[in-house]
Amino acid sequence: MPGMRPSAEFLSGTCRKLLDHRMSAKLKKQKTQKAPHLKKMRKLLNNPVVKSFIYGRVVLIFLLLLIQLFLFLAFFIWLEPYTKYLFGSGLVISFVFVVYLFNSQGKNEYKMAWMLPVMFFPLFGIGLYVLMHIEDLPYKLKKQTKQLKKETEHIINLPDFSDTAVPYPEIRDIVSYLKDEALSPPYAGTNVRYFPTGETAFPAMLECLKKAEKFIFIEYFIINTGCMWDEILNILIQKAAKGIEVRVMYDAFGSAAISPISYEKYLKSLGIQAKAFIPLVPVVAAYLNNRDHRKICVVDGKDAFTGGINLSDEYINKMHKITYYWKDTVIQVKGKAVRSFSGMFLQLWDLVNNVSDNLDEYLELPYESFAVPGIVIPYGDNAYNKKDIAENVYCYILSQAKKYVHITSPYMILDNEMLNALIFAVKRGVEVSILVPKHIDHYITHCTGRTFIKTLTDKGVHVYEYTPGFIHSKMFISDDTTAVVGSINLDYRSLYNQFEDAVFMYKCPVIAEIEADFEKTKARCSEITGEVYKKSPVVKRVIGRVFRLCAPLL
């Protein structure tokens, strides 16, 4: 009635309706403007001025390195007037260095590569070698690595069965090797799903991330802004807001385009734990070669993804500037084998962050078991262990093959062990076929790799180039029984200098799918024969042969 004051209940109800209306409008606006901060960030990173700064930073670092080398060389040029006094001592120093070099540990071809600068510029070459090797890794990092291995070995290396009870005794040797040397136990009852392209794997990754309830671990060599990463990041932000633990680790060199340290701070501001692996510094140091080249995504300890793809648009063929097709592969692992991926991630995360996680919280979970045959062994290799695990697994497959070994790799910079293993397999009557890209990714690496291909084809290895574009997948398949899919290229960096991961599979049903995709891909390739190599430009062949002398240093 007129003059009556509205009741408290009426006011409360009206306020509640008004608040609900405003909240509804706000949610509606959020739906129509999906993650506006992502759009702002992407717009900022695509700004020409910002891009120039980001890429310029990388260029600046390399310029500073060149200046440092120039000054180092200038110092020895300055000593030239005193050459007659230094000649005798220089010969003695060079002789001592050569004796030391050839008695030190390491690959012979790597030692030979260092002989070139020593041969032409003795004191400069020796000085550069000392500068590069005076500390392969920061002392503190070395110490932490050894300590972490001792602390986590008994937690991570828990196999489903003992060495004497392996369901397939014919692979007991490789099972024991990976368990003892790589802390990578074998698992049965594991389901593996294969994706022949990045664009087929991406929706499955998004679906898993959306279902996350406990934790998400992401570790990739390259993270770049764009359609792929923006969609993933939007999910990570939502999950972090709900209290789900999200950790992201990426390599500072591979992800240089996003300005790694600044982007690390940006992710942390969104509630995401983040770390850029070994930031770039303008100093000549060997440990800067020890990059994190892994590709790992773990969700709740239930699902893990690995393979060749990074988190950038070219890996799902969304880059409009790229006119060729990017062929890559991914596998999804479900079951107890995911435990090893969680362990690999946490070990490196704890190392670079100098923290100590309670691993039981992330590893001792109720894992699902699948009624599928076969053995699955996720394993990793790192720049610190000096064990050549990645190469040894590949050589094992080549040595055990009876019918065929099929390989895909974007790069072919081989050492003598791998070269001989490939050729010896052919000499034993094994059919060895390798798929490589037609498109040139790194010019000098491409030219040098073609010289190794020439050596292989002359000895009976079949090598095919993927004519639609660039093949980036890293796979070994043998005899319909064995396969490896992961991040490991056939080059010195992957086999010796970097952190890598892969999955060894034996008698798993998915191997038939992997082999079928290999044959389908090979049908779109053309074989590289001796005649084809001779028709390549003379400049490319000369560059390849010259740089093959220092292939271990590429």
Side-chain angles (χ1 to χ4, degrees), residues 141 143-161 178-179 182-192 205 207-220 232-233 235-250 264 267-268 270-277 292 294-306 332-370 376-380 382 384 499 501 503:
L141 210 53
K143 187 176 180 180
Q144 289 173 344
T145 305
K146 292 178 181 179
Q147 183 63 29
L148 188 63
K149 183 178 183 294
K150 290 179 181 178
E151 292 174 355
T152 60
E153 183 172 1
H154 68 286
I155 302 173
I156 293 176
N157 198 359
L158 293 175
D160 275 3
F161 30 74
L178 287 174
K179 183 172 70 69
L183 296 184
S184 302
Y187 300 95
T190 297
N191 190 52
V192 181
M205 293 175 68
E207 183 182 354
C208 273
L209 289 170
K210 289 175 182 176
K211 294 179 180 178
E213 297 177 346
K214 296 178 181 177
F215 62 86
I216 296 172
F217 297 154
I218 288 179
E219 179 185 350
Y220 282 83
I232 291 174
L233 182 56
I235 296 172
L236 300 184
I237 294 169
Q238 293 175 17
K239 294 298 179 180
K242 293 179 180 178
I244 294 171
E245 184 179 4
V246 180
R247 303 191 194 188
V248 176
M249 183 160 51
Y250 53 89
E264 178 184 317
L267 292 177
K268 288 178 179 177
L270 301 173
I272 297 170
Q273 299 180 57
K275 186 65 178 178
F277 182 82
D292 182 7
R294 292 175 179 173
K295 287 86 175 164
I296 296 175
C297 176
V298 179
V299 180
D300 289 345
K302 296 179 180 179
D303 296 89
F305 293 85
T306 193
Q332 177 185 8
V333 177
K334 296 175 72 71
K336 195 174 181 181
V338 177
R339 188 178 190 279
S340 286
F341 283 108
S342 299
M344 277 188 273
F345 176 90
L346 289 167
Q347 274 193 321
L348 192 56
W349 176 273
D350 287 2
L351 181 67
V352 297
N353 286 281
N354 196 21
V355 297
S356 181
D357 278 298
N358 176 13
L359 298 188
D360 287 339
E361 180 183 348
Y362 303 97
L363 302 183
E364 300 308 315
L365 303 171
Y367 295 100
E368 185 178 1
S369 182
F370 297 84
V376 174
I377 312 176
Y379 66 96
N382 68 63
Y384 303 174
F499 288 80
D501 80 282
V503 178

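Because the structure is predicted, anything quoted here is derived from the model rather than measured.
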Item to check | Heavy-atom side-chain proximity of E219 to L348 below 4.5 angstrom | outcome: yes
Item to check | Student check: side-chain heavy atoms of Q273 and V248 closer than 4.5 Å | outcome: no
Checklist entry - Do K214 and D300 meet the salt-bridge criterion of a basic N to acidic O distance under 4.0 Å? => result no
Checklist entry - Among F499, F345, Y220, which one satisfies ring pair (Phe, Tyr, Trp, His ring centres under 6.0 Å) with F277? => result F499
Next on the checklist: Consider side chain to side chain contact (heavy atoms under 4.5 Å, CB included). Of V333, V503, V298, which one does T306 pass it with?
Outcome noted: V503
Next on the checklist: Within the 4.5 Å heavy-atom criterion, are S369 and Y367 side-chain neighbours or not?
Outcome noted: no
Checklist entry - Is it the case that R247 places NZ or CZ above or below the six-membered ring of Y362, under 6.0 angstrom from the centre and within 45 degrees of the axis? => result yes
Item to check | M249 and V352, any side-chain heavy atoms less than 4.5 Å apart | outcome: yes
Item to check | Evaluation steps, side chain to side chain contact (heavy atoms under 4.5 Å, CB included), between V355 and W349 | outcome: CA-CA 8 Å; V355 297; W349 176 273; 4.3 Å; yes
Item to check | Chi angles and distances behind the side chain to side chain contact (heavy atoms under 4.5 Å, CB included) call for T190, V338 | outcome: CA-CA 9 Å; T190 297; V338 177; over 6 Å; no
Checklist entry - Does any N or O in the side chain of N191 come within less than 3.5 Å of the main-chain N or O of F370, such that one atom is a donor and the other an acceptor? => result no
Item to check | I218 vs I232 side-chain heavy atoms within contact, under 4.5 Å | outcome: yes
Checklist entry - Hey, which of L183, D357, N382 is the one that makes side chain to side chain contact (heavy atoms under 4.5 Å, CB included) with Q347? => result L183
Next on the checklist: Show, in sequence, the C-alpha distance, side-chain angles and deciding distance for F341 and C297, and conclude whether the side chain to side chain contact (heavy atoms under 4.5 Å, CB included) test is met.
Outcome noted: CA-CA 8 Å; F341 283 108; C297 176; over 6 Å; no
Item to check | E364 and R339 ion-paired at < 4.0 Å | outcome: yes
Checklist entry - Between Y250 (side chain) and E264 (backbone), is there a donor-acceptor pair under 3.5 Å? => result yes
Item to check | Expected output: side-chain S184 to main-chain I377 donor-acceptor under 3.5 Å | outcome: no
Next on the checklist: Just to verify, which of L209, V299, I244 counts as forming a side chain to side chain contact (heavy atoms under 4.5 Å, CB included) with K239?
Outcome noted: I244
